[in-house]
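Just the heavy atoms: all of them, side chains too, but no hydrogens, waters or symmetry mates, feed the values below.
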Amino acid sequence: MPITVDFSRAPTAKESAKLDARLHRLSRPEQLQRIERIYESMGAELPADGLIIRSGFSFRDEGIDQDASDRSAPPRELRPPATRLMSSRGAALRFELTLLALVQTKRKPGARAKLVEFGFEVRGSSRTRGWADLLASDASDSNRDGVLMTARDKRARSVRSALLTLSNAGLVDFAEGPGKRARYERFVLLDERGVEALGEAEEYRVPTKAEPTFGLPSGFVANGWLQVLEDSEIAILLMLACARDAWSENGALVVPPDVRLRNYGIHRDVYSSARKTLDWFGLLDVREIGRHPDGRAENGEQQTHRLSLLPAGFDAPAATTVIAALNSQLSRRR
C-alpha cells in the first residue's frame, strides 16, 4: 500500500471546534440509525440514472445580480432555489431534494407528484409514515419540567419550518392558509425551478429526457450523503453536476468565479471551505492552480481551480466515511 502524506494546512483551533461539533452530532447512535432508515422509509428505489434535477434549480440565467462580488454575495431573492434555500442548520434544501427523490422512486418521467396519494402525515408514528421519517436530525427526547418533547416531535417541527421556507421560495403550495391545522398535511410539491422562474405555480412532474437536466448518483440519496452533507457542500455538488456555463479541461471542470457567484449564488467563503471537505470525503477531486502545497496562493494571486466529481465516492456509506475523514483531520490539529 503506497504511503501518502498530507501537506495541506492543518485545521486551526476555530476550524477544529467546528469539525468537533459536526463529528459529535454525526456520531450519536440515534443519528446514525436515523440516517440508515431514511431511504428505507421511501419504500422504493431511485432509477438507475440516479436523482434527476432540472438545471434551473441550481443555475439562475435571468435576473442575476450584476453588482454581486465575493465581497457582497447576491441577495437570496436573486439566487437560484438551491442556494436560496441554503442555511447553516436548516433543513429546507435537504427536504426539497428528499421530496424530489421520493417522487422519482414512485412516478415515471412526465408524471405529476401527487404527494397526497403517498399517505404521509407530518409527524407520523411508530405505525404510520410521516414526513418526519424522511429527515435526519440530531434531535433527541427531552423532558422539561414534566413536558415530554420526543425526537419525532422535534423532527416534525423541523419539517414544518422547512415547508415554510419552501413555500416562501415558491417550491410548495399549501392547501390551507396560515393558522389552519391541516396546512402542512396536504401541501403540493411545485416545479423545482420555482414560481418566479416559471411565472406561475406548476405542480412538480418527474423530468423527461427532453428537458435540460443534470443528475447525481443514486448513492447520493441511498447511502445517506444527502442527509450527512452540509448545505454548502450540497450546493457545490449541484453546481458541478449541472455544469452550466462551465468548461472542461483535461477531464476536470472549470467554473468561472463570476458564474459561480452570480448564476449559482455560491460565495467564495462557502466555496473555499466546502470544496475542501468534499475532497476529504472522496466526492471531489480538487486540482489547485497557482497554490503552494499548504494552500497559500502563489504571488498572492487567486486562480480558478479544476474540479472533478467522483461518482464512485457516493457508493460508500456517508456517515462512516465522513466520521473517518473528520477524525483524520482532527488528528492533525494544531
Side-chain angles (χ1 to χ4, degrees), residues 35-59 80-82 85 91-122 124 129-136 159 162-163 166 169-173 186-195 197-198 201-229 231 233-235 237-244 283 309 311 313-315 317-318:
I35 292 169
E36 291 175 356
R37 289 199 297 263
I38 285 178
Y39 191 56
E40 296 176 3
S41 297
M42 291 188 181
E45 296 183 355
L46 279 170
D49 291 340
L51 178 62
I52 306 302
I53 304 168
R54 292 178 175 88
S55 299
F57 180 68
S58 179
F59 183 92
L85 297 177
L93 177 57
R94 288 186 290 117
F95 193 59
E96 166 72 10
L97 291 171
T98 299
L99 291 173
L100 300 185
L102 175 66
V103 174
Q104 291 182 29
T105 66
K106 300 180 182 299
R107 307 293 193 207
K108 295 180 179 180
R112 294 180 184 273
K114 297 183 180 180
L115 291 183
V116 70
E117 295 181 357
F118 294 175
F120 282 79
E121 299 174 350
V122 170
R129 294 188 302 175
W131 296 117
D133 292 312
L134 300 182
L135 190 66
V159 167
L163 285 171
L166 295 179
L171 298 172
V172 301
D173 183 73
R186 301 176 66 84
F187 65 90
V188 174
L189 180 65
L190 301 179
D191 188 293
E192 71 266 44
R193 292 167 293 185
V195 172
L198 299 178
E202 292 186 11
E203 185 173 2
Y204 175 78
R205 294 175 181 265
V206 177
T208 65
K209 292 185 177 180
E211 300 177 81
T213 62
F214 62 92
L216 285 171
S218 59
F220 173 66
V221 180
N223 293 324
W225 291 102
L226 172 55
Q227 304 299 332
V228 168
L229 295 176
D231 283 7
E233 296 160 349
I234 293 173
L237 292 179
L238 294 172
M239 176 182 73
L240 296 176
C242 179
R244 280 277 305 271
L283 302 179
L309 273 180
F314 296 97
D315 294 336

Do [X] side-chain atoms and [Y] backbone N/O form a donor-acceptor pair below 3.5 Å?
| X | Y | value |
| --- | --- | --- |
| Glu192 | Tyr204 | no |
| Arg244 | Ser58 | no |
| Glu211 | Thr208 | yes |
| Lys106 | Met42 | yes |
| Asp173 | Val188 | no |

For the atom pair [atom1] ([X]) and [atom2] ([Y]), what is the distance rounded to the nearest 0.5 Å?
| X | Y | atom1 | atom2 | result |
| --- | --- | --- | --- | --- |
| Ser55 | Leu238 | OG | CG | 11.0 Å |
| Phe314 | Leu216 | CZ | CG | 6.0 Å |
| Glu96 | Leu190 | CD | CG | 9.0 Å |
| Thr213 | Leu51 | OG1 | CG | 10.5 Å |
| Leu135 | Ile35 | CG | CD1 | 10.5 Å |
| Leu93 | Asp231 | CG | CG | 4.5 Å |

Over all atoms of both residues, closest heavy-atom pair of [X] and [Y]:
| X | Y | value |
| --- | --- | --- |
| Gly224 | Ala318 | C-CB, 3.4 Å |
| Leu309 | Pro311 | O-CD, 3.2 Å |
| Leu46 | Ala101 | CD2-O, 3.6 Å |

State, yes or no, whether a side-chain contact exists between [X] and [Y] at a heavy-atom distance under 4.5 Å.
| X | Y | value |
| --- | --- | --- |
| Thr98 | Trp131 | no |
| Phe214 | Cys242 | yes |
| Leu189 | Leu166 | no |
| Phe187 | Leu115 | yes |
| Ile38 | Val221 | no |
| Leu229 | Leu237 | yes |
| Leu283 | Phe220 | no |
| Glu45 | Tyr39 | yes |

Hey, is CZ on Arg186 packed in by over 12 heavy atoms from elsewhere, all under 6.0 Å?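 At most 12 heavy atoms, drawn from other residues, nucleotides or ligands, come within 6.0 Å of this atom.
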Taking only residues two or more places apart in sequence or in another chain, which ones pass ring pair (Phe, Tyr, Trp, His ring centres under 6.0 Å) with Phe95?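 Phe95: no ring pair (Phe, Tyr, Trp, His ring centres under 6.0 Å) contacts found.
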Would you sort out whether Gln227 and Glu36 count as a side-chain contact (heavy atoms from CB on, under 4.5 Å), showing the intermediate values? CA-CA 10 Å; Gln227 304 299 332; Glu36 291 175 356; over 6 Å; no
Lys/Arg-Asp/Glu bridge criterion (N-O < 4.0 Å) met for Arg107, Glu117: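 Result for this pair is yes, salt bridge flagged.
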